[in-house]
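Notes to accompany the following structure.
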Amino acid sequence: MLFRKACALLGLGLLAQAQTFNNPIIYEDFPDNDIFLGPDGKTFYWSSSNFHYSPGAPILESTDLVNWQVIGHSVPSISDFGSDYSMQNGKTAYNRGTWASTLRHRKSNGEWYWIGCIDFWTTHVYTAPDITGPWSQSSSFQPCFYDCGLLIDDDDTMYVAYGSNNVSVAQLAADGLSVAKTQVVFSYPSPCTAIEGNRMYKINGLYYILDDCPGEGITVIWKSSSPWGPYTHKILSNATASPVPGTGTAQQGSLIEAPNGNWYFMSFAWAYPLGRLPILAPVTWGSDGFPVLQTVNGAWGESYPLPLPESSVTSWIGGDQFWGIDPAWEWNHAPDTTKFSLAEPGLILQTATVTNDLYHARNTLTRRPNQAFPVGTLQLDFTNMADGDQCGLALFRDSSAWIGVVRNGNSYTVTAVQGLTQDAGNSYATTSTGTVVGTAPISARTVYLQVRFDSRTVGSNQATFYYSTDGNNFSQLGGAFNLDNTYYYFMGYRYGIFNFATKALGGSVKVDGFVSWSN
Ligand SMILES: *[C@@H]1O[C@H](CO)[C@@H](O)[C@H](O)[C@H]1NC(C)=O
Ligand SMILES: *[C@@H]1O[C@H](CO)[C@@H](O)[C@H](O)[C@H]1NC(C)=O
Ligand SMILES: *[C@@H]1O[C@H](CO)[C@@H](O)[C@H](O)[C@H]1NC(C)=O
C-alpha cells in the first residue's frame, strides 16, 4: 500500500495500471444484484436474492465496488411468507422466496425500503430505519412487482419498474407502501422473446430503465424524459461473452455511478454448479445519452482497472468458531429458533425434525462455497447425539450428497450418502433420500468432515467426501459425486450443516468450527 502511494505521488502512471480487479468480483452465488451508492456518497449497497434461505435478501456493503462483505438481510425471517417457509405440515418452499427484488434509501424520512414479489403474486415491502435494521414488513399488496427496480425521484416520488414482456412503471403512494398508479410503458423489443430484470434510474434529469432479454442474452437500456414514457432504447450488451469460462453470455444487473463520476455495470455469469457469479465492467456515456459497455476484444474483460482506491480486502475464506452467527450463514428455510444456541465458541444444533429426509429437516445451516476448487471442513462434537440421529456436512442442492455420523443404538458410524434428489416438476418433492455409499466405524466423539469439489462450469463437476478424527489425516468415504450443473433451481450448491432425528427429538451436536477454503 505504501509502495502504491509512493508511485502515485511520483506520477508513475504505468505502475498504477497494475491496480486491477479480476472477474468474478465475488466467486460466490450472489444473483440478481441491485446496487447503488448510499446516502453518505461513499458506501455502496447491494441487495441480492436467496430464494428459500433465511434470513432473506442478503445485503452487501463496499466502498470500492470490488471488495464486498455481507452485512445483513432485508427479510429477518422468511417465515413471514407462510408456513411452507418453516417446513410446517410437511410442506417446503424450495426455489420460492426472494428473487429479483430492490433496495433503496429514502432521504426524506431516512428509511430504507426493500421491495420484492413473493410467490406469484404478492409484493412485500420491508422497511428499516438503518441498513442494519431492525427490518420489518410494512405492507403487502398486488400487483406482483416481477423483477422490480425502485427509483426515488429528486422530488421524493417513488417509482418501481417491473414486469416481464410488458414492462410497467408504478408510482407508489406517498408513504411508499401501496400503489397509487401503474401503467405499461413498453413491451419487449425485437428480436427479444421476453424481457425481465428491471432497474430504474434517473440520470441527468432523464429516466432510464435497464432490463434484459434472457433468451437472447441482450441487455437493453431505455430512456425517456418522463417516467411514463415514451421510451427509446439501445442495446447495452449484445450476447457479450462472460469472462467465466463456459458460462455463455452476461446479461442483467445494475448500472452504478461511483463517487468519482465513473460508471459501471455489475452483471452475473450463470456459472453452475456454483451459482450466479457477479462480474463488473466499466461503462462510458455516448453523446446520445446512452451508456456503452467497455469490453475487451468484444468480450467481457477478465480484469479492468480498479474503480476506486481499494479498501481493506475482504477474505471470503477462513475459519469460523461461532462466537456468533455471521450473516454469511443462512438457514435452509426459516429455522426453529428454539432448537439452536451459541456455546461461545461453538453452535449447538438440537435436532428439530423427526424425518429420514434431509430436504424436510429443519435447521440446516448453509454457506456459499468459494472459488473454483472449494474445500469445506466441519469440526463436530456428537457426544450428545440421540439414538437414530443423523448429523453432518452436506453439499446441498436439488441433487445432494453428505458425509456425517449416524447413531443406531450404541453404534456410531461415519456414513457417506449420495443421490438425494428433488423433482423440479413437482414443487421440489423429494424423489430420493439417497443411498449409503460408504461407512466407517468411529470410536471418538469428535469428527472432522470435509467436502472438496470442482465448481467450475467447465470442470469435472465432481465432489469427494472425507473424514478425520485428528484434523490432519483425512480418509475418503464413497466415490466421486456428480454435481447438478443445471440452472433451474437457481441457487447453486451450498455447504449444509445438519442434524436431524429419525426416532425422537432430544439429541444435539456441537459445531466446534467450520473452515471454508479453496485449493
Ligand atoms: C402488452 O403489449 C402488447 C404489445 O404492445 C399489447 O398489445 C398488450 O395489450 C399489452 N398487454 C398489456 C396487459 O398491457
Ligand atoms: C447482436 O449481434 C449479432 C452478431 O453480431 C447481430 O447479428 C445482431 O443483429 C445483434 N443484435 C442486435 C439486437 O443488435
Ligand atoms: C489415517 O486414517 C486411516 C483411517 O482411520 C487409518 O487407516 C490410517 O492408518 C491413518 N494414517 C495415518 C498415517 O495415521
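Counting convention: from 1, in listed order, for ligands and their atoms alike. This one's a predicted model, so the numbers in the text were calculated from it and none came from an experiment.
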- Compute whether any side-chain donor of one residue and acceptor of the other, for Asn461 and Asn485, lie under 3.5 angstrom apart.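 Per modelled atom types, Asn461 and Asn485 side chains form a pair under 3.5 Å.
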- Query: Among side-chain atoms of Glu302 and Asn23, is any donor-acceptor pair under 3.5 angstrom?
  - Reply: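 No.
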- Query: Which of the numbered atoms in ligand 2 are below 4.0 angstrom from a heavy atom of Pro191?
  - Reply: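 With Pro191 as reference, the close atoms of ligand 2 come out as 13 (C).
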- In terms of the angle between their ring planes, are Phe498 and Trp402 parallel, tilted or perpendicular, with boundaries placed at 30° and 60°?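 Rings of Phe498 and Trp402: perpendicular, as their planes differ by over 60°.
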- Asp381/Arg445 ion pair, N-O < 4.0 Å: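 No, no charged N to carboxylate O under 4.0 Å.
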- Kindly say whether Asn473 contributes a backbone atom to a donor-acceptor pair with the side chain of Asp470 at under 3.5 angstrom?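 Yes, the answer is positive, given that a donor and an acceptor are paired below the 3.5 Å cut-off.
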- Contact residues of ligand 3 (heavy atom under 4.0 Å), by chain and number: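 The answer is Asn473, Ser475, counting any residue whose heavy atom sits under 4.0 Å from ligand 3.
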- Message: Before you tell me yes or no, could you show the steps for Cys148 and Cys117 under disulfide bond (SG atoms under 2.5 Å apart), namely the whole-Å CA-CA distance, both residues' side-chain angles and the distance that decides it to 0.1 Å?
- Response: CA-CA 8 Å; Cys148 56; Cys117 174; over 6 Å; no
